[in-house]
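Quick notes on the structure that follows.
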Number of protein chains: 2
Amino acid sequence: MIMTASPAEPKPLTRIQTKNRAAILDAGLEVFSTYGFRGSTLDQIATAAGLSKPNLLYYFPSKEAIHAELLTGLLTTWLDPLKLMRADGDPVPELLGYVRRKLEMSRQFPRESRLFANEILQGAPRIKAALSGELKTLVDAKAQVISKWSKAGLITEIDPHHLIFSIWSLTQHYADFDVQVRAVLGRDVPFDEAEQYLVQLFEKLLKP
Amino acid sequence: MIMTASPAEPKPLTRIQTKNRAAILDAGLEVFSTYGFRGSTLDQIATAAGLSKPNLLYYFPSKEAIHAELLTGLLTTWLDPLKLMRADGDPVPELLGYVRRKLEMSRQFPRESRLFANEILQGAPRIKAALSGELKTLVDAKAQVISKWSKAGLITEIDPHHLIFSIWSLTQHYADFDVQVRAVLGRDVPFDEAEQYLVQLFEKLLKP
DNA sequence: ACAATATTTTACCAACCGGTCAAAGCGAGG
DNA sequence: CCTCGCTTTGACCGGTTGGTAAAATATTGT
C-alpha cells in the first residue's frame, strides 16, 4: 500500500489520466493565455493537447473547469514570491529579492503571466474575490512591513502599496508585452539587462 | 462650399452617419477592450451602440474593419506623448513630462490602453508591423537623446530602452490592471498618489 | 483468458457566430 | 403629393461553438 489519504475517497488517478490531464492543462494554458477565455475554443485546446474534443471533455466537464483549475493553481504561484519577503531581513535585499523572484517568474512562466494579465484585463470575473480577499490581505500585511522599514529610516519614505504595484508592473511587463519589447529592441527579451536595470532602479529609489 | 479636399472624392458624411459611426466606434472600443478581438461579438457591439447587427454592418463592412479603425487611430495617440519629449529641453523635466502625459492617458483613456494591451497580449497580429516600424524608429531616436543626456552627465548612466519600457509599464499598469489595483486598495485608483509616487521614483532614478 | 473498467471515437445537437439580402421605412426637395 | 436616396429591419445562411449519447476500443486486475 502506497497511498490512501483523504477521507472522501479522492480516487487515485490512472497513468493515462495523469498524463492527459497534464497535457490538457498545458494546452489550455497555451491557448487561454493567448486568446483569453472567450476567444479560446475547446477544439484549439483539444488539438494542442493531441486529443479529440469529446475526449478532452471526458477529463474535464467543461471549458470553464479547465480555466478555473488553471487560475486557482496560478494564484498560489503568484503569491509565493511576496510571501517569501521576510520582515526580519535587511530591507533592501529583501525587496530586491522579491523583484528578482518576480522577474524570474516572468522569464520562466510567461504564459502564466499572460493568463493572469488576460483575466485581469477582462475584469477578473473569475478571480475578483481572490483579489480583494487573499491577495489584499497579503499585500496589506507586507505593506505594513515596508511602512515600518520606512519609518525606521532603513529605506526612503515611500508609499508601500504603490511600491508593490511598481514591482508587479515592471517585472510582468517583460512577459506580458514581450512581443512589443522584442519588436522595439529587434531581438529577444534580454532578461539579464532587465534585471540589472531593475536593481539599479530600486536601489536608487529605496536609498533613504 | 465648405469642403472638398482629397482627390478621390471622400464623400461627405451625413449627420446620421457621423453620429452612428461614432457610436459604433465607442461601443467597439468598450467591447474589444474588455474581451479582445476574438472574444467580442458583433451583437455585443451593435447592442452597445444601440443598433441592430445588420444596421451596424451598414456602416462598417466587417468586425475586422471596426477593430482596424480603432487600432490605427490609437497608434497616433500612443506615439504623441513620446514625440513631445524635446531633445533641447531640461532632461529631467522632459522625462517627467513624458511620464505625466502617459499617466494622464491612463487616467483619461483607460479603454484605449486596455485595447492596446489586449492586442499586444494576443501577439499583436494586427499591429506587429507598426511596432517594429513606426514605434521602433521613434523609440530608437528618443533613446539616442536619452543616451546623450546620460553621457553629458545631466542624468544618471542608464539604459534608455529599459527606461522607456519602465515608463510604459508603470503608467499603463493603473489603466490595464485597474481591477486589481482597486481590489487591493479597496477604493478607486488614486491617480494623484500614483503621480506623486512616479515622480519620486523617476527623480531619484535619474539623478546623476 | 475474460470480465470489468477506463478510454476513445463517431455521430449528433441546439445555440451562436459573422455576414448577406431584399424589402420596408423614412425624410427632404420638387 | 410623389419620388429619390439614405437608413433600418427581419428573415435567412453556412460555419463554428460548447457539449452530449452511445457505441466501439483499449487496458487492467484476476
Side-chain angles (χ1 to χ4, degrees), chain A residues 1-4 9-32 34-71 118-119 122 125-126, chain B residues 1-3 9-32 34-71 118 122 125-126:
Chain A
M1 181 189 292
I2 302 183
M3 270 287 203
T4 20
E9 300 170 38
K11 285 180 184 175
L13 296 182
T14 60
R15 234 186 312 113
I16 298 178
Q17 277 169 351
T18 310
K19 190 193 67 179
N20 280 346
R21 282 183 55 96
I24 291 168
L25 289 175
D26 187 75
L29 177 58
E30 186 72 29
V31 175
F32 282 137
T34 304
Y35 299 106
F37 181 75
R38 297 199 30 182
S40 305
T41 74
L42 285 178
D43 265 316
Q44 277 180 288
I45 300 172
T47 302
L51 300 172
S52 66
K53 189 175 55 172
N55 198 178
L56 178 148
L57 286 164
Y58 171 73
Y59 293 98
F60 287 87
S62 68
K63 183 182 172 183
E64 280 269 350
I66 304 173
H67 195 248
E69 184 138 337
L70 283 170
L71 279 184
N118 246 312
E119 176 66 12
Q122 312 196 352
R126 299 156 221 279
Chain B
M1 181 187 296
I2 301 181
M3 271 286 203
E9 301 171 35
K11 284 181 183 174
L13 296 182
T14 324
R15 231 183 318 110
I16 298 178
Q17 278 170 350
T18 310
K19 190 194 64 176
N20 279 348
R21 283 184 55 96
I24 291 168
L25 288 175
D26 187 75
L29 177 58
E30 186 72 28
V31 175
F32 282 137
T34 303
Y35 298 107
F37 181 75
R38 295 196 32 181
S40 304
T41 72
L42 285 178
D43 264 314
Q44 277 179 289
I45 299 172
T47 302
L51 301 172
S52 65
K53 188 174 56 172
N55 198 180
L56 179 148
L57 287 165
Y58 171 75
Y59 293 99
F60 286 87
S62 68
K63 185 181 171 184
E64 280 268 351
I66 304 172
H67 196 248
E69 185 137 336
L70 284 171
L71 277 185
N118 246 312
Q122 311 197 350
R126 299 155 221 280

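Values in this document were obtained by computation on a predicted structure and should not be read as measured data. Numbered from 1 within each chain, the chains take letters A, B, ... in sequence-line order.
Between B/Leu51 atom CG and C/dG25 atom P there is a gap of 19 Å when expressed in whole angstrom units. The CD1-C1' distance, from A/Ile66 to D/dT17, rounds to 14 Å in whole Å. C/dG25 atom P lies 17 Å from atom CD1 of B/Ile16, rounded to whole Å. At whole-Å resolution of the value, CD1 in A/Ile24 and C1' in C/dT7 are 12 Å apart. Atom P of nucleotide D/dG18 and atom CD of A/Gln44 are separated by 8 Å, given to the nearest angstrom. In this structure, CZ of A/Arg21 is placed 11 Å from P of C/dT7, rounded to the nearest angstrom.
Taking only side-chain nitrogens and oxygens, A/Asn55 comes nearer than 4.0 Å to OP1 or OP2 of C/dT9. Using a 4.0 Å cut-off, some side-chain N or O of B/Gln17 falls inside it from OP1 or OP2 of D/dT7. OP1 or OP2 of D/dT28 lies within a sub-4.0 Å distance of a side-chain N or O belonging to A/Arg15. Distances shorter than 4.0 Å separate none of the side-chain N or O atoms of B/Thr41 from OP1 or OP2 on C/dC16. Note on B/Ser52: a side-chain N or O is less than 4.0 Å away from OP1 or OP2 of D/dT9. Side-chain nitrogen and oxygen atoms of A/Tyr59 include none within less than 4.0 Å of the OP1 or OP2 phosphate oxygen of C/dA6.
Sequence order on DNA chain C of the closest nucleotides to B/Asp43 and B/Pro61 puts B/Asp43 first from the 5' end. The nearest heavy atom of DNA chain D to B/Asn20 and to B/Lys53 marks one nucleotide each, and the one closer to the 5' end goes with B/Asn20.
Set against C/dG18, D/dT8, C/dT20, the side chain of B/Tyr58 has D/dT8 as its closest nucleotide. In this structure, of D/dT27, C/dC17, C/dA11, it is C/dA11 that holds the atom nearest to the side chain of A/Pro54.
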